[in-house]
Chemist: 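Pasting a structure below so you can have a look.
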Protein chains: 2
Amino acid sequence: MDQLICPRFEKAISIMNKRWTTLIIYQLLEGSQRFCEIESSIGVSGRVLSERLKDLEKEGIVIRSVYDETPVRIEYSLTNKGESLKPALDQIQKWAETGLKQVSNSP
Amino acid sequence: MDQLICPRFEKAISIMNKRWTTLIIYQLLEGSQRFCEIESSIGVSGRVLSERLKDLEKEGIVIRSVYDETPVRIEYSLTNKGESLKPALDQIQKWAETGLKQVSNSP
DNA sequence: TAATTAACTTACTTTATGTAAGCAAGTATA
DNA sequence: TATACTTGCTTACATAAAGTAAGTTAATTA
């Protein structure tokens with residue numbers, strides 16, 4: 001009697017629901033960033049950030065670009081698929097600014 | 001050099017990002033449900049469901065209603081604050097149906 | 001009377017995350 | 001030239017969160 005929920009929604013949630021994922025994408029919506037920039041801006045540990053970026057690359061949401069300068073520069077940015085999450089994150093932001101404030105415990 | 005991210009967004013994410021929370025809310029958007037209904041529809045363990053429902057009550061997102069019948073019936077439903085998350089979840093659903101399919105690794 | 005259900009809780013195991021140190025390659029500083 | 005520092009990681013270990021399974025209470029059905 002399991003799995004009555006929409007499997008695509010579940011898949012979307014399984015991606016977004018991993019700790020830090022949404023904040024990483026939110027940061028990258030501002031433009032491409034380097035590893036240490038993401039790390040310090042959202043406060044995620046390097047260990048987990050490294051893991052998440054790999055996951056997001058596999059999902060086709062993030063791309064890792066290596067610029068062959070000296071020293072080498074590595075930047076992470078969103079693919080189209082990644083950018084297409086913007087409306088969803090915008091709505092969460094909207095809720096953060098309005099709905100979140102509500103105190104009403106009325107049904 | 002931490003915390004450059006919008007604190008309200010972070011708060012919203014800290015609620016939604018906990019495992020199962022979004023799926024619980026998604027289920028309750030369909031109407032009020034009993035403990036075991038939520039449990040079996042999304043596949044969360046009772047231990048964690050119990051924990052999450054308490055958290056969501058504290059956040060003013062969910063209400064627990066006790067109907068004094070025999071046997072007693074307990075139902076969980078969304079408050080206005082909880083319902084106000086619908087647009088955000090709708091956008092995630094939209095992404096699940098369109099953006100998620102994209103395979104393009106183009107920037 | 002025995003078995004079953006709802007709504008949990010408790011004890012224990014497994015998985016995820018955090019912390020801190022280490023590493024390679026290059027840069028800047030004394 | 002030696003020392004320290006930076007970036008982008010990885011590794012090893014500690015702690016927190018989630019899963020699993022059994023137990024509890026009160027009432028119900030077979």
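Worth saying up front: this structure is predicted, and the values here are computed from it rather than measured. Per chain, numbering begins at 1; letters A, B, ... match sequence-line order.
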Chemist: Provide, to the nearest angstrom, the distance between the CD atom belonging to B:Glu51 and the C1' atom belonging to C:dT9.
Modeler: 12 Å
Chemist: Take the protein atom CZ of A:Arg47 and the nucleotide atom C1' of C:dC23, then report the distance between them rounded to whole Å.
Modeler: 18 Å
Chemist: With a 4.0 Å cutoff (strictly under), does any side-chain N or O of B:Ser45 reach OP1 or OP2 of D:dT20?
Modeler: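 False: B:Ser45 side-chain N/O out of range (4.0 Å or more) of D:dT20 OP1/OP2.
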Chemist: Round to the nearest Å and state the distance from B:Glu37 atom CD to C:dC8 atom P.
Modeler: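 Answer to the nearest Å: 13 Å.
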Chemist: Give the nucleotide from the list C:dC8, C:dT9, C:dG18 with an atom nearest to the side chain of B:Lys54.
Modeler: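 Given the options C:dC8, C:dT9, C:dG18, the side chain of B:Lys54 is closest to C:dT9.
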Chemist: How are the rings of B:Phe9 and A:Tyr26 set to each other: parallel, tilted or perpendicular (split at 30° and 60°)?
Modeler: parallel
Chemist: Less than 4.5 Å apart, side chain to side chain, heavy atoms only: is that true for A:Leu100 and B:Ile15?
Modeler: yes
Chemist: Give the rounded distance in Å between these two atoms: OH of A:Tyr76 and P of D:dG8.
Modeler: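 Taking atom P of D:dG8 as the reference, OH of A:Tyr76 is at 8 Å.
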Chemist: Search all heavy atoms of B:Thr79 against all heavy atoms of B:Gly60 and return the closest pair with its distance.
Modeler: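 That closest heavy-atom pairing would be OG1-O, 2.6 Å.
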Chemist: Take atom CD of A:Glu39 and atom P of C:dT17, then tell me their distance rounded to the nearest Å.
Modeler: 16 Å
Chemist: Let me know the distance between CD1 of A:Ile74 and C1' of D:dC9, rounded to the nearest Å.
Modeler: 8 Å
Chemist: For the side chain of B:Trp20, counting heavy atoms from C-beta on, which of D:dG19, C:dC8, C:dG18 is nearest?
Modeler: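 Nearest to the side-chain atoms of B:Trp20, counting from C-beta on, is D:dG19.
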Chemist: Out of C:dT19, D:dG19, D:dA27, which nucleotide sits closest to the side chain of B:Pro71?
Modeler: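 Selected nucleotide (nearest to the side chain): D:dA27.
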Chemist: Side-chain N or O of B:Ser50 versus OP1/OP2 of C:dT9: is the shortest distance under 4.0 Å?
Modeler: yes
Chemist: Ignoring the backbone of B:Phe35, work out which of C:dC8, C:dG18, D:dT20 is nearest its side chain.
Modeler: C:dC8
Chemist: What is the distance, to the nearest angstrom, from the CG atom on B:Asp55 to the P atom on C:dC8?
Modeler: 14 Å
Chemist: Starting the side chain at C-beta, find the nucleotide from D:dG19, C:dA6, D:dG8 nearest to B:Arg34.
Modeler: C:dA6
Chemist: Would you call A:Lys94 and B:Pro87 a side-chain contact if the rule is heavy atoms closer than 4.5 Å?
Modeler: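 SC-SC contact between A:Lys94 and B:Pro87 ruled out.
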Chemist: Would you kindly give the CG-to-P distance between A:Leu53 and D:dC9, to the nearest whole Å?
Modeler: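 Nearest whole value for this atom pair: 8 Å.
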Chemist: When all nucleic acid strands are considered with a 4.0 Å heavy-atom cut-off, which category describes A:Thr70: base, sugar-phosphate, or nothing?
Modeler: sugar-phosphate
Chemist: Got a sec, which residues hit salt bridge (Lys or Arg N to Asp or Glu O under 4.0 Å) with A:Glu59, two or more places apart in sequence or on another chain?
Modeler: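 Checked A:Glu59 against salt bridge (Lys or Arg N to Asp or Glu O under 4.0 Å); matches are A:Lys11.
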Chemist: Hey, is the side chain of B:Arg19 pairing donor to acceptor with the base of D:dA18 inside 3.5 Å?
Modeler: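 Result: no qualifying N/O pair found.
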Chemist: Check every atom of D:dA18, C:dT9, C:dA7 against the side chain of B:Cys36 and return the nucleotide holding the closest atom.
Modeler: C:dA7
